[in-house]
Enquirer: 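Can you keep this structure in mind? I'll have questions shortly.
Note that the structure is a prediction, hence the values are computed from the model and not measured. In what follows, every heavy atom counts, from backbone to side chain, and hydrogens, waters and symmetry copies are set aside. Protein chains get the first letters and strands the later ones, always in sequence-line order, with residue 1 at the start of each.
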Amino acid sequence: MIYDSACTKCKLHRGTESVCDPGFGQAQADIMVVSKMPNGDRYQAALEEDLAQAGVDLGRIYWASALKCRNFDANASNADVKACKPYLDAEIEKVQPRYILSLGNEALLATTGHSGITKWRGKPVELGNMTIFPTISPAAVLARPQNRPGYQADLKFFATMANGQQAEGVKVITPDTILSNDDLRLLKVRLKDAKLVYFDIETNIVPLQEFDPRARVISMCGTYVSASTGEVGGFRIPLYHPESPWRTQWRSMLRHVVPIMAKIPIRIAHNGKFDCRWLRKHSGVHITLTFDTMIGVHLLDENVQKGLKPQGTMRLGVAPWGVDTKDLLSMPIEEVLEYNFLDTFYGYLIYLQVREELIAQPRLLRIMMKLLMPASNNLTTAEGNGVWLDVERLAERTPIAQAKLDEIENKVRAYIPDPSIETWPTNKAGKKVEVNLNASIFAKWLLFDHLGLPVLARGKEKPDGRPGDPSMAEGVLLLLNDVPKPHPVVQTMLDRIEWQKAMSSFFGPYSGLYDENQKVHTSFKLTGTVTGRLSSGKEDASKLSGRTSSIRGVNLQQVPRDPFIRGLFGASPGRTWIEADFSQVELRVAAFCAKERTMISLYQQGADIHMVTAMRMTGKAAKNITKEERKKAKPVNFGFLYGMGWLKFIVTAFNNYGVKFSEAEAKAYRKAYFDLYPDLLAWHERQRRLVHYNARVQSPIGRVRHLPDINSPDPKVRAEAERQAINSPVQGLASDMALAGMNLFVERLTTEGLSDKVSVLGLVHDAINIEADDDVAGRAMVLLKESMEDMDNMRRLFGLDMTVPIVADVKVGRHWGDSVELTEEQVYDFTTLDKMGLVA
DNA sequence: AGAGGTGGCGCG
DNA sequence: AAAGCGCGCCACCTCT
């Protein structure tokens, strides 16, 4: 007897009649499906339909669950899952399944011992004779329809695996392995004849990426198509691997092969920016890509998992290959090469599919070929060049920041009692906790227990229903300070936040991130956001095999505006820093999308909408509005524009202005905003209708945001999708305009022969940073401004008829943080930089 | 010790 | 009735 209807091993038996429900199905099933709890009838029927549709034979299934008690009131913890596990183990022992489908985090934990379904989904786990395949739970799909495509793809893959089918139409070719000079000669002949190559490299993992002195390329593989015969071939080159014949000559090998690859007409990779950067650094040749499968996949559906392996399983039905590559150098070379080659061969097959799908959607294809591929190539160069870090300033300023932090912390220490005090907080183990002024158990005890400050906000409620911990966020501290006689510790803690953040997030990391040329490098992702914006940070872990914790890289899009920190970055010696920001670009694009007559006319007159809002917020005349007040108008404009309600407006107004609005006043203010810009509400309504009808929206140039959550049963989830439908086309177009501006700028540099004298450093959403040799900086800033403002370019590329003027403001200087904004006249005046003393 | 989840905050 | 959007990183806590 493996079940016990009197079981009391965990809390779930309380409050339910349904204790320890047995599983059911074929006694000798070779497939077991494990849900979180015993399924209800409707849920079971839906699941069966999903599985049948994916091709799973229902007659082969035994249905089981991680938790045997059907109890929706109790929030199951991992401990509950563990307590219930013996029942499931007994079922597995009895049924002896060959394949287990684990649905959701609880089932994942019960069957594999792992936690984190988003990480483990789609990855088969071998356990003895069984293969356990985790995916998300049908409940998660129901709540968020966005999850459905991935869920269906997982089920399909599971069916393929359980049915023992070879993936249809996938027959891996036999590649050539390059082990001798004769092999190399033959490879060169073949590559010179190729019309297409899909390539991939494996590298060791080093903190500074390709610039680290320890950086090595371990192998390079490719799949190519012969121009003369049309046949598909493959090559595998072992490089810096202990078993490789080219171990000591790996760079020289690259210098033989990469220049030939760079001349093949069609050059493809998956997230190829990475490969191109490494190859550029170590062979000296920059391969410009003509297609990138990761970008293509993302453009077709921004919600899908875009790694090569998930794509391989979803699109090709092949099993994930080469998992667990912790240390490629100690793996047998054959395994490394097989894995590396499969990346290129499957990648090539994915390319064929993605290409067809894009051809069927010409607007997306155009964005891909005319915007994103050039951008990818330009960003490859930017990432490789890096941004100069003023190491001298860093050395000066780090101790200043640290001293400031120490000074503040000493002030707080005056309020800390002797640790012998009875109430001193303890951890779970009963040990007294250390003094820690971050948002820790200790700090919360100090403020809210020991010093008796009122708890104004709490974090999320605990899983077991206990209230969340007191919040000591900045906003809460501000409220605590907003009383007649605030406790002095509050202001001190407020001062501390800024310096703590500065030390931990900026001064600390920067000191270990620069290469021998004082350059810091980021990795921009063209596929990092759902709207089309770039994300910036460290290299994607999936590109590197090994200890991901040592991957490093700076996020250039979150450097504080404070010149004390932003001023750590600058133009490299002999060069000038130039930054051009689109002025209020999202508001302009929104005015364009909404056809908002008042906004458009304001912009055509050269007005400033943030200023208009600031005047209304403060009741002052334009000439009396301070820079700070104008800055504070931004969140109000963006908030209302994208659907902020009156409640959040009250919070925003208080945090930014210290102005308290009543509910009625806030509602009236919001109404006044939409009365001023009457076309906005109609536009909101239009976007809502569109997304309800299509479950997707498009930007004016055709970039798509899929919003399947619009069909969620949860009204909050639906409302979220509606707001995203309003925001996405705006954010997406603004971002694509910045990419187009960068591309055009780089083209013009080439035309004017300035490529070696000017470098793009990166994008910060609506800003482009460059550095230019001092003698051409004046020309560079004009070119940059003109390229960004060139809406004829957008018309040529995408047929866009931008009816709102687009303006880019230019700043120049030696450093990022202390560059000075120029007037339009100054930008076009060739004596400006001379007058500013910026010409050497 | 490492991983996941959450809160908080940097940027646009 | 009520509702900003988009990111990445750090620190902490909990759990294994």
Side-chain angles (χ1 to χ4, degrees), chain A residues 77-79 81-82 105 109 113-120 302 427-428 433 436-444 457-463 468-469 471-477 497-498 500-506 508-509 522-523 525 528-538 547-549 552-562 565-566 581-582 584-586 590 634-649 651-652 667 670 684 688 705 715-732 734-735 738 763-767:
Chain A
S77 70
N78 287 2
V81 174
K82 282 212 127 182
N105 206 28
L109 179 64
H114 296 304
S115 171
I117 189 62
T118 51
K119 182 184 161 190
W120 286 96
E302 72 287 357
N427 60 18
K428 284 266 167 183
V433 298
N436 179 345
L437 298 180
N438 294 327
S440 61
I441 291 176
F442 175 81
K444 289 172 182 184
R458 287 181 178 274
K460 204 177 160 184
E461 186 183 88
K462 307 275 171 156
D469 294 330
S471 167
M472 48 181 288
E474 197 169 6
V476 175
L477 295 181
I497 289 173
E498 188 191 343
Q500 166 61 28
K501 182 83 182 168
M503 283 309 296
S504 70
S505 294
F506 305 110
T522 189
S523 165
K525 271 192 273 187
T529 75
V530 287
T531 57
R533 275 190 170 181
L534 301 184
S535 70
S536 160
K538 55 191 177 194
R547 276 186 10 265
T548 54
S549 56
R552 310 201 64 186
V554 55
N555 180 341
L556 284 178
Q557 296 184 329
Q558 64 177 170
V559 180
R561 283 192 298 257
D562 185 344
I565 300 178
R566 205 165 260 208
D581 288 51
F582 275 132
Q584 305 178 30
V585 69
E586 275 195 37
K634 283 187 181 184
V636 177
N637 278 325
F638 289 124
F640 284 149
L641 187 65
Y642 296 136
M644 178 171 63
W646 58 266
L647 196 61
K648 179 125 189 189
F649 170 71
V651 177
T652 304
K667 283 177 175 168
R670 186 173 184 277
H684 284 187
R688 288 197 182 96
R705 170 93 191 257
K716 268 190 260 174
V717 174
R718 286 201 304 272
E720 195 181 345
E722 287 175 355
R723 294 193 300 274
Q724 288 162 336
I726 292 166
N727 171 272
S728 279
V730 176
Q731 202 182 103
S735 174
L763 268 68
V764 188
H765 305 305
D766 58 7

Enquirer: Return no unless some side-chain N or O of Ser535(A) is found under 4.0 Å from OP1 or OP2 of dG8(C).
Expert: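 Checking dG8(C) against Ser535(A), a side-chain N or O does come within under 4.0 Å of OP1 or OP2.
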Enquirer: dG8(B) phosphate, OP1 or OP2: any side-chain N/O from Ser471(A) under 4.0 angstrom?
Expert: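 The answer is yes; a side-chain N or O of Ser471(A) sits under 4.0 Å from OP1 or OP2.
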Enquirer: Does the side chain of Glu586(A) come within less than 4.5 Å of Phe638(A)'s, by heavy atoms?
Expert: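 Side chain of Phe638(A) against side chain of Glu586(A), heavy atoms only: contact under 4.5 Å found.
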Enquirer: Just the rounded figure in Å: distance from P of dC11(B) to CD of Glu498(A).
Expert: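 It works out to 10 Å between those atoms.
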Enquirer: Looking at Ser728(A), is its backbone amide N or carbonyl O close enough to the side chain of Thr531(A) to form a donor-acceptor pair, meaning the two atoms are under 3.5 Å apart?
Expert: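 No; judged by distance alone, with no hydrogens or angles, the pair does not exist.
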Enquirer: Assuming nearest nucleotide by heavy-atom distance, tell me which of Asn438(A) and Arg723(A) is located more 5' along DNA chain C.
Expert: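 Looking at DNA chain C, the more 5' nearest nucleotide goes with Arg723(A).
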Enquirer: If we ignore hydrogens and angles and just use 3.5 Å, is the side chain of Arg670(A) paired with the main-chain N or O of Met644(A) as donor and acceptor?
Expert: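 Here the side-chain-to-backbone pair exists.
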Enquirer: Would you classify Val730(A) as touching base, sugar-phosphate or nothing, given that sugar-phosphate means primed atoms plus P, OP1 and OP2, and contacts are heavy atoms under 4.0 Å?
Expert: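 Contact class for Val730(A): none.
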Enquirer: Using a heavy-atom cut-off of 4.0 Å across all strands, would you classify Ala719(A) as base, sugar-phosphate, or nothing?
Expert: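 It contacts nothing in the nucleic acid.
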Enquirer: Give one of base, sugar-phosphate or nothing for Ile441(A), where a contact means two heavy atoms less than 4.0 Å apart.
Expert: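 Here Ile441(A) touches the backbone only, sparing every base.
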Enquirer: Applying a 4.0 Å non-hydrogen cut-off, can you work out what Glu474(A) is touching in the nucleic acid: base, sugar-phosphate, or nothing?
Expert: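 Sugar-phosphate contact only.
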Enquirer: Roughly how many Å is it from CD in Glu302(A) to P in dC7(C), rounded to a whole number?
Expert: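 My rounded result for the distance is 10 Å.
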Enquirer: Tell me the interatomic distance from His684(A), atom NE2, to dA2(C), atom P, rounded to whole angstroms.
Expert: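 Atom-to-atom, His684(A) to dA2(C), this comes out as 18 Å.
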Enquirer: Hey, does Gly643(A) reach any base, or is it just sugar-phosphate, or nothing, if we go heavy atoms under 4.0 Å?
Expert: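 Since a base atom lies under 4.0 Å of Gly643(A), the category is base.
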Enquirer: Look at the side chain of Arg533(A) and the base of dG6(C), then say whether one donor and one acceptor between them are separated by less than 3.5 Å.
Expert: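 Yes, a donor-acceptor pair under 3.5 Å.
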Enquirer: Could you tell me whether Ser735(A) contacts a base, only the sugar-phosphate backbone, or nothing, with contacts defined as non-hydrogen atoms closer than 4.0 Å?
Expert: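 Touches nothing.
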Enquirer: Rounded to the nearest Å, what distance is computed from the CZ atom of residue Phe649(A) to the C1' atom of nucleotide dA2(C)?
Expert: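 Rounded to whole Å, this separation is 16 Å.
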Enquirer: Taking Arg723(A)'s backbone N and O only, do any of them form a donor-acceptor pair with His684(A)'s side chain (distance below 3.5 Å, no angle check)?
Expert: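 Not a single qualifying donor-acceptor pair exists.
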Enquirer: Write down the distance between CZ (Arg688(A)) and P (dA2(C)), rounded to a whole number of angstrom.
Expert: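 Answer to the nearest Å: 15 Å.
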Enquirer: Where the side chain of Arg566(A) meets the backbone of Val559(A), is there a donor-acceptor pair that is under 3.5 Å apart?
Expert: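 Checked: pair present.
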Enquirer: For Arg718(A), answer base if it contacts any base atom (sugar-phosphate contacts may also be present), sugar-phosphate if it contacts only those atoms, and nothing otherwise; contact means non-hydrogen atoms under 4.0 Å.
Expert: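 Nothing, no heavy atom under 4.0 Å.
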Enquirer: At under 4.0 Å between heavy atoms, what does Arg458(A) touch on the DNA or RNA strands: base, sugar-phosphate, or nothing?
Expert: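 Since no nucleic acid heavy atom lies under 4.0 Å of Arg458(A), the category is nothing.
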Enquirer: Counting just side-chain N and O atoms, does Asn436(A) come under 4.0 Å of either OP1 or OP2 of dC12(C)?
Expert: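 Answer is yes, contact under 4.0 Å.
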Enquirer: Stepwise, does the side-chain contact (heavy atoms from CB on, under 4.5 Å) test hold for Gln557(A) with Leu534(A)?
Expert: CA-CA 9 Å; Gln557(A) 296 184 329; Leu534(A) 301 184; 4.0 Å; yes
Enquirer: Between dA11(C), dC11(B), dC12(C), which nucleotide has the shortest distance from any of its atoms to the side chain of Ser504(A)?
Expert: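 In terms of side-chain proximity for Ser504(A), the closest of dA11(C), dC11(B), dC12(C) is dA11(C).
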Enquirer: Is there a donor and acceptor pair, one atom on the side chain of Gln724(A) and one on the base of dC5(C), closer than 3.5 Å?
Expert: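 Per atom types, no contact qualifies.
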Enquirer: Any donor-acceptor pair under 3.5 Å linking the side chain of Thr522(A) with the backbone of Gly537(A)?
Expert: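 Yes: the side chain of Thr522(A) pairs with the backbone of Gly537(A).
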Enquirer: Look at all strands and tell whether Leu641(A) reaches a base, only sugar-phosphate, or nothing, counting heavy atoms closer than 4.0 Å.
Expert: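 Contact class for Leu641(A): none.
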Enquirer: Whether Asn727(A) contacts dG6(C) is assessed here as follows: a side-chain N or O lying under 4.0 Å from the phosphate OP1 or OP2. Is that the case?
Expert: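 Negative; the distance criterion is not met.
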Enquirer: Quick check: on DNA chain C, is the nucleotide nearest Arg670(A) upstream (toward 5') of the one nearest Arg705(A), or the reverse? Name the residue that is more 5'.
Expert: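 The residue whose closest nucleotide sits nearer the 5' end is Arg670(A).
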Enquirer: Can you confirm whether the side chains of Gln731(A) and Tyr642(A) place a donor and an acceptor under 3.5 Å from each other?
Expert: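 No, Tyr642(A) and Gln731(A) have no side-chain donor paired with an acceptor closer than 3.5 Å.
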Enquirer: For DNA chain C, what are the stems built from at least three Watson-Crick or G-U pairs in a row, each pair having both distances below 3.5 Å?
Expert: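 Stems for DNA chain C, defined as runs of 3 or more consecutive pairs: B:1-12 with C:5-16.
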Enquirer: Is it the case that the side chain of Ser471(A) and the backbone of Ala457(A) share a donor-acceptor pair, with hydrogens and angles ignored and the cut-off at 3.5 Å?
Expert: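 No, Ser471(A) side chain to Ala457(A) backbone: no donor-acceptor pair under 3.5 Å.
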Enquirer: Tell me: CG of Asn555(A) to P of dG6(C), nearest whole Å?
Expert: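 Between P of dG6(C) and CG of Asn555(A): 17 Å.
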Enquirer: Quickly work out the His765(A) NE2 to dC7(C) P distance and round it to whole Å.
Expert: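 Spelled out: NE2 on His765(A) to P on dC7(C) is 10 Å.
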Enquirer: Heavy atoms from C-beta onward define the side chain here; which of dC5(C), dG6(C), dC12(C) lies closest to that of Tyr642(A)?
Expert: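 Taking heavy atoms from C-beta onward, the closest nucleotide is dC5(C).
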Enquirer: Without decimals, in angstroms, what is the distance between Lys444(A) NZ and dC12(C) P?
Expert: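 After rounding, the reported distance stands at 11 Å.
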